[in-house]
Each structure stands twice: as C-alpha cells, then as structure tokens.
Amino acid sequence: MKKMIALISITVVMISCNVAQQVSGTYQLTQCKYDYNSISGLTLAGINLQNVNSLSSLNPVNIAKLTSAFGTSSGSLPLNFILNLNVTNPGVQAAILNGLGYILEIDGHEMTTGFLDQKLQIAGGSTAVLPINMSFDLKKALSGESMEAIKNLAFNFAGIGSNSSNVTVKLKPSFMLGSQVISSSSYIPISFQLNNK
C-alpha cells in the first residue's frame, strides 16, 4: 500500500511539473519578439513568382496564363506561399508552442484564417524560424473588388507591382494543459511591408 501511495505521489508531482513547465513555456512564448523573415514558395495561379523581378521577366506562356486568370471574374486565383517569421525568446526559459491560430490581412483586406498544428520550442536567448503555410483564393477573398484591384494587390504583394503591400498577421498561440489544448486569450499582431523589388 505504501508503494502504491509513493507511486501515485511521484506521478502527481511529475504531472504537476509537466503542466507547470508547459504553462511557463507558453507564458514565455507571449514574451517573445516576432519579426518578418521572408516569404518563400510564392505562386500565383500556379506560376512561380519567387524570383521574378518584373512581369516582363516572365516567359510568354506564364504571361498568357496570368492574363487569362485575370481576364474573368469567374474561376479561381490561388495564391500560395510560406510566411517565415523569426521568433526571438529574450528570456532564460524555453518558449513552447503547441499550435497557432492566425489571421492574415493584406492592404487592409482579410485574406485567410487558419490553425497551424505545429510544435516549436525556442531555447532561452535564441531565435527560431516559424514557417506558416498560406493558401487562399484571391478572387474569393476579394469578392466585390474589381479585377484591376485584385491584380494590383496580387502583383504588389508579389513585389512586381508599382506599389508596396502592407501585411499584418495576427497570431494566437496555443499550449497544452495536461491533454487539453488551450489558446491564448488574445492575438499577437505582426505588421510589415513588402516592398516593390
């Protein structure tokens, strides 16, 4: 009986320590600094725009595809990319992420929302890159806007338009409390500008 009580006591202490570590790690996550790192894997209507400096540098086939995609309000215009964020932990204790809700806005328009089911641990005093896969239909996200406005936003975001794009991503980290996933009470906003190349 004494062995059973000792075993239960050790288990309770271990669970309590684990919960305390998770809560502490999540608190540390809210103290981290979030900055824009880069965008990678950028495609528009299936066309790779990652290293494109201007529309004139596209081959004729891709120009024809984009012209067709913007030529009608029907159909879809998928925009896909990976948003890479630097997460810097200024504290001594590790910051622990178990998941992440997000909202993406471009030039004041809400583009997409979602949840990233990803674990990330950032050691104290270090920086880690948090990649977030984004994928949405520009025509659907900007329904009610003219095709010219959609085209301008798409090209500006890709860095091949005539203007810059203002981007805001709002993050809501989640953590584990025992076996329960708990989201933080508020969003952490990160804003940056994508400049014309």
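Index from 1, following the sequence. Here the structure is a predicted model, which is why all the values come from computation and not from measurement.
Across all their heavy atoms, Leu42 and Gln50 have their closest contact at N-OE1, 2.9 Å. Minimum heavy-atom separation, Phe136 to Asn80: N-OD1, 4.5 Å. Residues Ala95 and Asn89 approach most closely at N-ND2, 3.3 Å, considering heavy atoms. Considering all non-hydrogen atoms of both residues, Glu110 and Glu105 come closest at CA-CG, 4.0 Å. The shortest non-hydrogen separation linking Ile82 to Pro131 is CG2-CB, 3.8 Å. Closest of all the heavy-atom pairs between Cys32 and Pro90 is CA-CD, 3.9 Å.
Taking CG from Leu100 and CG from Leu130, the interatomic distance works out to 6.0 Å, rounded to the nearest 0.5 Å. Residue Leu171 holds its CG atom at 9.5 Å from OH of Tyr187, rounded to the nearest 0.5 Å. The structure places CD1 of Ile122 at 9.0 Å from OG1 of Thr127, a figure rounded to the nearest 0.5 Å. Here the CG atom belonging to Leu138 is positioned 7.0 Å from the CZ atom belonging to Phe70, to the nearest 0.5 angstrom. For the atom pair Met111 CE and Leu79 CG, the distance stands at 8.5 Å (nearest 0.5 Å). In this structure, Gln121 CD and Ile96 CD1 are separated by 4.5 Å, a value rounded to the nearest 0.5 Å.
The main-chain N or O of Lys65 is never found under 3.5 Å from a side-chain atom of Ser68 such that the two would form a donor-acceptor pair. With hydrogens and angles ignored, the 3.5 Å screen pairs a side-chain donor or acceptor of Ser146 with a backbone N or O of Ala149. A donor-acceptor contact shorter than 3.5 Å is absent between the side chain of Asn152 and the backbone of Asn156. Using modelled atom types, no side-chain atom of Lys172 and backbone atom of Ile103 make a donor-acceptor pair closer than 3.5 Å.
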Derivation and outcome, side-chain contact (heavy atoms from CB on, under 4.5 Å), residues Leu104 and Thr113: CA-CA 6 Å; Leu104 175 71; Thr113 63; over 6 Å; no

CA sep, side-chain torsions, deciding dist, call: Val169, Tyr34, side-chain contact (heavy atoms from CB on, under 4.5 Å): CA-CA 10 Å; Val169 61; Tyr34 297 82; over 6 Å; no

Audit row: Leu153, Ile106, side-chain contact (heavy atoms from CB on, under 4.5 Å) steps and yes/no: CA-CA 8 Å; Leu153 185 142; Ile106 303 173; 4.0 Å; yes

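Counting only heavy atoms from C-beta outward, the side chains of Leu83 and Phe192 approach each other to under 4.5 Å. Inter-residue side-chain proximity for Lys139 and Ser76 is flagged as unmet; no heavy-atom pair is nearer than 4.5 Å. Tyr36 is listed as a side-chain neighbour of Leu194, based on a closest heavy-atom distance under 4.5 Å. Counting heavy atoms from C-beta outward, Thr67 and Ile63 have side chains that approach closer than 4.5 Å. Taking 4.5 Å as the limit, some side-chain heavy atom of Leu77 sits within range of a side-chain heavy atom of Leu44. No side-chain heavy atom of Asn133 sits less than 4.5 Å from a side-chain heavy atom of Phe81.
With respect to Leu120, the side chain to side chain contact (heavy atoms under 4.5 Å, CB included) criterion is satisfied by exactly one of Val129, Leu97, Asn98: Leu97. Among Ile190, Ile188, Thr112, the single residue meeting the side chain to side chain contact (heavy atoms under 4.5 Å, CB included) criterion with Tyr102 is Thr112. Across Asn86, Asn84, Leu85, a single residue satisfies side chain to side chain contact (heavy atoms under 4.5 Å, CB included) together with Ser38, and that is Asn84.
The neighbour count for Lys170 NZ, taken as heavy atoms of other residues, nucleotides or ligands under 6.0 Å away, does not exceed 12.
When only modelled atom types and interatomic distance are considered, Ser165 and Asp107 share a side-chain donor-acceptor pair under 3.5 Å.
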